[in-house]
Amino acid sequence: SRIGSYYKSRKYVKQHIAYNKIDLVHSFGLRCDSVSLDLGIPSLISIRNYPYYEYPTLYNKILGNYLAYKHIKIIRKHENKVVCSESLANAFKEKNELNVKIIQNGIDTNIYQKYFLSNSSKNKLLNKYNILPGAKVFFSASNLIPRKNVELIIKTFKKYFNNKNKYILIIAGDGPERKRLEFLSKN
């Protein structure tokens, strides 16, 4: 069970910290943020979403709001907390009177340069997915939940880029909105 694994993981993490002489724990998410409390060493939590926006759409309204409540309580207990955007920091300040540090998301393109595709690899992918050479490809990846508003992307794309040969929209993700969004994208 998840509860059993929570207690086992806390015990394992404490043993791992002691054995490896770890000085700092960095965690992401409800379970990890909870496990990282009271380990006897400094911890830093990174928060990528606002729990009351995210959890009710991932689970259901009752369970989601309960988990959001629990996560906010855990976040309050952590001394060092960072978020990935100013809007997220504002949500925590306005809704929960929590001050958090901001470290913006970013991508160092030099690090990922080696993953850029050669022209021949690009052409193979285009052929595999029946995309004509020269087509403009738009890509979106996220949880398919109401808050992400992927419906707006689909409707906007249909309105402005409806030429199926010149423009392609690819959406990657899963979630409770998937079937509805698939239907919307076909009609």
Side-chain angles (χ1 to χ4, degrees), residues 1-117 138-150 153 170-178:
S1 77
R2 287 186 175 182
I3 294 172
S5 66
Y6 166 79
Y7 289 107
K8 287 178 186 174
S9 63
R10 183 182 269 291
K11 179 181 173 185
Y12 171 75
V13 168
K14 284 185 172 185
Q15 289 172 346
H16 185 78
I17 288 169
Y19 182 79
N20 291 289
K21 298 180 175 86
I22 293 174
D23 297 316
L24 173 73
V25 172
H26 184 198
S27 65
F28 301 86
L30 173 58
R31 281 184 239 146
C32 295
D33 294 347
S34 178
V35 168
S36 67
L37 280 172
D38 304 321
L39 292 175
I41 61 171
S43 64
L44 168 70
I45 61 171
S46 289
I47 308 164
R48 300 272 186 249
N49 60 48
Y50 184 66
Y52 281 105
Y53 295 160
E54 192 83 7
Y55 297 161
T57 57
L58 284 176
Y59 304 103
N60 62 50
K61 192 173 184 178
I62 294 170
L63 178 60
N65 281 317
Y66 172 75
L67 291 173
Y69 169 79
K70 294 299 277 182
H71 199 179
I72 295 293
K73 280 183 71 172
I74 291 165
I75 290 168
R76 283 187 187 287
K77 293 178 182 178
H78 278 277
E79 185 177 338
N80 303 302
K81 40 199 167 268
V82 297
V83 295
C84 60
S85 70
E86 188 172 333
S87 62
L88 194 50
N90 290 338
F92 277 102
K93 183 157 183 80
E94 292 166 12
K95 298 176 187 309
N96 303 100
E97 298 176 354
L98 276 168
N99 291 315
V100 294
K101 302 285 186 213
I102 303 168
I103 298 177
Q104 296 284 354
N105 282 333
I107 297 175
D108 183 343
T109 55
N110 293 323
I111 292 172
Y112 296 99
Q113 190 72 33
K114 63 184 175 187
Y115 298 108
F116 291 152
L117 296 175
F138 296 80
F139 182 80
S140 173
S142 72
N143 288 327
L144 302 180
I145 58 177
R147 185 178 66 79
K148 299 291 185 173
N149 201 7
V150 177
I153 296 170
I170 298 173
I171 297 173
D174 201 0
E177 293 273 283
R178 181 175 177 165

Return the set of residues passing side chain to side chain donor-acceptor pair (under 3.5 Å) with [X] (not counting sequence neighbours), or none when no residue passes.
X	result
Asp174	none
Ser140	none
Tyr50	Asn96
Glu177	Arg180

Using side chain to side chain contact (heavy atoms under 4.5 Å, CB included) as the criterion, list what pairs up with [X], not counting sequence neighbours.
X	result
Ser43	Val25, Ser36, His78
Leu30	Tyr55, Leu67, His71, Ile74
Tyr69	Tyr52, Lys73
Phe139	Ala141, Ile170, Ala172

Answer yes or no: is there a side-chain heavy-atom contact under 4.5 Å between Val35 and Ser27?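 Result no, sub-4.5 Å side-chain heavy-atom pair not found.
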Going by the salt bridge (Lys or Arg N to Asp or Glu O under 4.0 Å) test, which pairs reach into residues 52-72, not counting sequence neighbours?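 The answer is Glu54-Arg147.
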What pairs meet the salt bridge (Lys or Arg N to Asp or Glu O under 4.0 Å) rule with one or both residues in residues 82-102, with sequence neighbours excluded?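 Non-adjacent pairs meeting salt bridge (Lys or Arg N to Asp or Glu O under 4.0 Å): zero.
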Residue list, salt bridge (Lys or Arg N to Asp or Glu O under 4.0 Å) with Asp23, at least two apart or on another chain: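 Here no residue qualifies.
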Just to verify, what does Arg48 make a salt bridge (Lys or Arg N to Asp or Glu O under 4.0 Å) with, not counting sequence neighbours?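 Per chain and number, Arg48 pairs via salt bridge (Lys or Arg N to Asp or Glu O under 4.0 Å) with no residue.
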